[in-house]
2 protein chains.
Amino acid sequence: MQAQEILQQHNLKKTSPRLAIIEALQSSSAPMAEAEISEKMGSHYDRTTFYRSMLTLEEAGVLHRIIVDKLLVKYALNASGPNGKTQADHAHFFCKECRKLVCLEEIHPGPYRLPAGFQTSEAEVIIRGLCNQCSKQG
Amino acid sequence: MQAQEILQQHNLKKTSPRLAIIEALQSSSAPMAEAEISEKMGSHYDRTTFYRSMLTLEEAGVLHRIIVDKLLVKYALNASGPNGKTQADHAHFFCKECRKLVCLEEIHPGPYRLPAGFQTSEAEVIIRGLCNQCSKQG
DNA sequence: GTTCCAAATGCAACAATGTTGCAAAGATAG
DNA sequence: CTATCTTTGCAACATTGTTGCATTTGGAAC
């Protein structure tokens, strides 16, 4: 889907940084960190703009954020489901060797049986180890 | 168990910041962030020392680190298992309202069926929502 | 097309978490 | 007590993110 259409579907203004962010994410299969995304974005945009755009896009359900490690955060576009709704409820795999992150769309977290009175809004699963490439060489 | 004993069991030197960190963590049931731990530690210690001590203690298996949110990291002592081995493989619940973190010792992540060639070393599960206190009031 | 306004952007400053290099201080074995 | 190796403290810097405010821009009304 075109970046423009995605923004339109979510009732967001088609501004140039938003379009650049979505197109950058579309150009890669793996989730990317801020530095990688900025690099792929043609012109230079302010870091504040980047973070605010990410917040807006995340709240609208266009993409999701994965906190991999202490200071390592990656972003990925949400896949669109059958009814056009986007879905982000899947596990992520992080390779300690090549530091690549993989969305495991087929692994869904939970359901978890919580103590009485606890209400779940979302769950996040990060599996760490060696990916198929790195486990061969290691 | 005494802080001194814990260090001894893991063959770590009994230095004053390490003792202070362990005692601070023992004084609370919930995992704590850096600022909370520092506050509970009697004397002032350098932040570099804090981070290096945490790294050492984490590698030795004395405690574990939970990355809750973008810039929010909490630490908790590991429970000691039957054979004296410490264990950290449990899910965590984060309350969006009061921002408290709870270790869910009874919920263990996985096992997960990964694509061929992927090797798991560890998995982390964070469930977000409202805790039993805050869901009553909300 | 022009005008208008709310929304988005850019800049500056700041906050939280963490790392690296190096000299001084401390722990433990002998 | 002394020697030695580890740990600590300090300074500087890196990454990720937030807040306030002036300026620009998208998109709708005309």
Side-chain angles (χ1 to χ4, degrees), chain A residues 2-22 24 31-39 41-60 62-76 94 99 101 126, chain B residues 3-22 24 31-39 41-60 62-76 94 96 99 101 126:
Chain A
Q2 288 275 14
Q4 297 228 356
E5 290 177 67
I6 295 179
L7 291 177
Q8 200 154 34
Q9 279 198 359
H10 291 84
N11 276 318
L12 297 174
K13 290 194 179 171
K14 290 163 215 149
T15 69
S16 106
R18 288 178 189 171
L19 291 170
I21 287 170
I22 295 177
M32 292 189 283
E34 176 193 346
E36 301 170 80
I37 298 174
S38 298
E39 210 174 301
M41 289 163 70
S43 353
H44 166 76
Y45 296 102
D46 191 76
R47 292 188 49 251
T48 313
T49 300
F50 177 87
Y51 286 116
R52 281 196 279 231
S53 301
M54 285 314 201
L55 247 185
T56 305
L57 294 173
E58 191 179 8
E59 277 167 5
V62 175
L63 49 79
H64 60 280
R65 175 197 319 244
I66 312 111
I67 294 137
V68 179
D69 205 12
K70 354 186 179 195
L71 287 185
L72 178 55
V73 177
K74 301 229 183 186
Y75 304 87
F94 177 67
R99 302 183 73 75
L101 190 76
I126 294 183
Chain B
Q4 296 228 355
E5 291 178 68
I6 296 179
L7 290 177
Q8 200 155 34
Q9 278 198 0
H10 291 84
N11 276 317
L12 296 174
K13 291 195 178 171
K14 290 162 215 151
T15 69
S16 108
R18 288 179 189 170
L19 290 169
I21 287 170
I22 294 176
M32 294 188 282
E34 176 192 347
E36 301 169 82
I37 298 173
S38 298
E39 211 174 300
M41 290 163 70
S43 354
H44 165 78
Y45 296 102
D46 190 75
R47 292 188 48 252
T48 313
T49 300
F50 178 88
Y51 286 116
R52 281 196 279 232
S53 300
M54 286 315 202
L55 247 185
T56 306
L57 294 173
E58 192 180 8
E59 278 169 4
V62 174
L63 50 79
H64 59 280
R65 174 197 320 244
I66 311 109
I67 295 138
V68 178
D69 206 12
K70 353 184 179 196
L71 286 185
L72 178 54
V73 177
K74 301 228 183 187
Y75 303 87
F94 178 66
K96 290 177 167 187
R99 301 182 74 74
L101 191 75
I126 295 183

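- Comparing D:dG9, D:dG17, C:dA27 by their nearest atom to the side chain of B:T15 picks out C:dA27.
- A search for side-chain hydrogen bond (donor to acceptor under 3.5 Å, both in side chains) contacts involving B:S38 returns nothing, not counting sequence neighbours.
- Between A:Y75 atom OH and D:dG17 atom C1' the separation is 8 Å, expressed in whole Å.
- Every ring-ring contact (aromatic ring centres under 6.0 Å, His included) that A:F50 has, sequence neighbours left out, goes to A:Y75.
- For B:L55, the side-chain contact (heavy atoms from CB on, under 4.5 Å) partners two or more places apart in sequence, or in a different chain, are B:E59, B:R65.
- The side-chain hydrogen bond (donor to acceptor under 3.5 Å, both in side chains) search around A:Q2 returns none, not counting sequence neighbours.
- Put simply, NZ on B:K13 and CZ on B:R18 are 8.5 Å apart, with the number rounded to the nearest 0.5 Å.
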Got a list of protein N/O to nucleotides 18-20 of chain D N/O distances below 3.5 Å?
{"residue": "D:dT18", "atom": "OP1", "partner": "B:K70", "partner atom": "NZ", "Å": "3.4"}
{"residue": "D:dG20", "atom": "O6", "partner": "A:R52", "partner atom": "NH2", "Å": "3.4"}

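- Residues passing the side-chain contact (heavy atoms from CB on, under 4.5 Å) test with A:S16 are A:Y45, sequence neighbours excluded.
- Between the two ends of the helix from C:dG1-D:dC30 to C:dG30-D:dC1, each summarised by a five-pair axis, the helix axis turns through 30° (rounded to 10 degrees).
- Taking the salt bridge (charged side-chain N to carboxylate O under 4.0 Å, His left out) definition, one finds that A:E5 meets it with nothing, sequence neighbours left out.
- As judged by a 4.0 angstrom heavy-atom cut-off over every strand, B:S53 is placed among residues touching the sugar-phosphate backbone only.
- An OP1 or OP2 oxygen of C:dC11 is reached within less than 4.0 angstrom by no side-chain nitrogen or oxygen of A:Y45.
- The side-chain contact (heavy atoms from CB on, under 4.5 Å) test applied to A:Q4 returns A:K14, A:L19, not counting sequence neighbours.
- With rounding to the nearest 0.5 angstrom, the CZ atom of A:R99 is 5.5 Å from the CG atom of A:L72.
- A:L12 has its CG atom 13 Å from the C1' atom of D:dG26, to the nearest Å.
- Partners of A:R47 under the side-chain hydrogen bond (donor to acceptor under 3.5 Å, both in side chains) rule, at least two apart in sequence or in another chain, are A:E34, A:Y51.
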Could you list the protein-to-nucleotides 2-6 of chain D atom pairs, N/O on both sides, closer than 3.5 Å?
{"residue": "D:dT6", "atom": "O4'", "partner": "B:K13", "partner atom": "NZ", "Å": "3.2"}

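- Qualifying side-chain hydrogen bond (donor to acceptor under 3.5 Å, both in side chains) partners for A:T56, counting only residues two or more places apart in sequence or in other chains: none.
- Spacing between atom CE of B:M54 and atom C1' of D:dT8 amounts to 16 Å, rounded to whole angstrom units.
- Atom NZ of B:K14 is separated from atom C1' of C:dA29 by 13 Å (rounded to the nearest Å).
- Nucleotides of DNA chain C nearest to A:H44 and B:V73 differ in position, and the one nearer the 5' end is that of A:H44.
- In this structure, CG of B:N11 is placed 13 Å from C1' of C:dT28, rounded to the nearest angstrom.
- The distance from atom CG of B:D46 to atom C1' of D:dA11 is 10 Å, rounded to the nearest whole Å.
- If you measure from atom CD of A:E34 to atom P of D:dA14, you get 15 Å, rounded to the nearest angstrom.
- Residue A:T49 is classed as a base contact, given a heavy-atom separation below 4.0 Å to a base.
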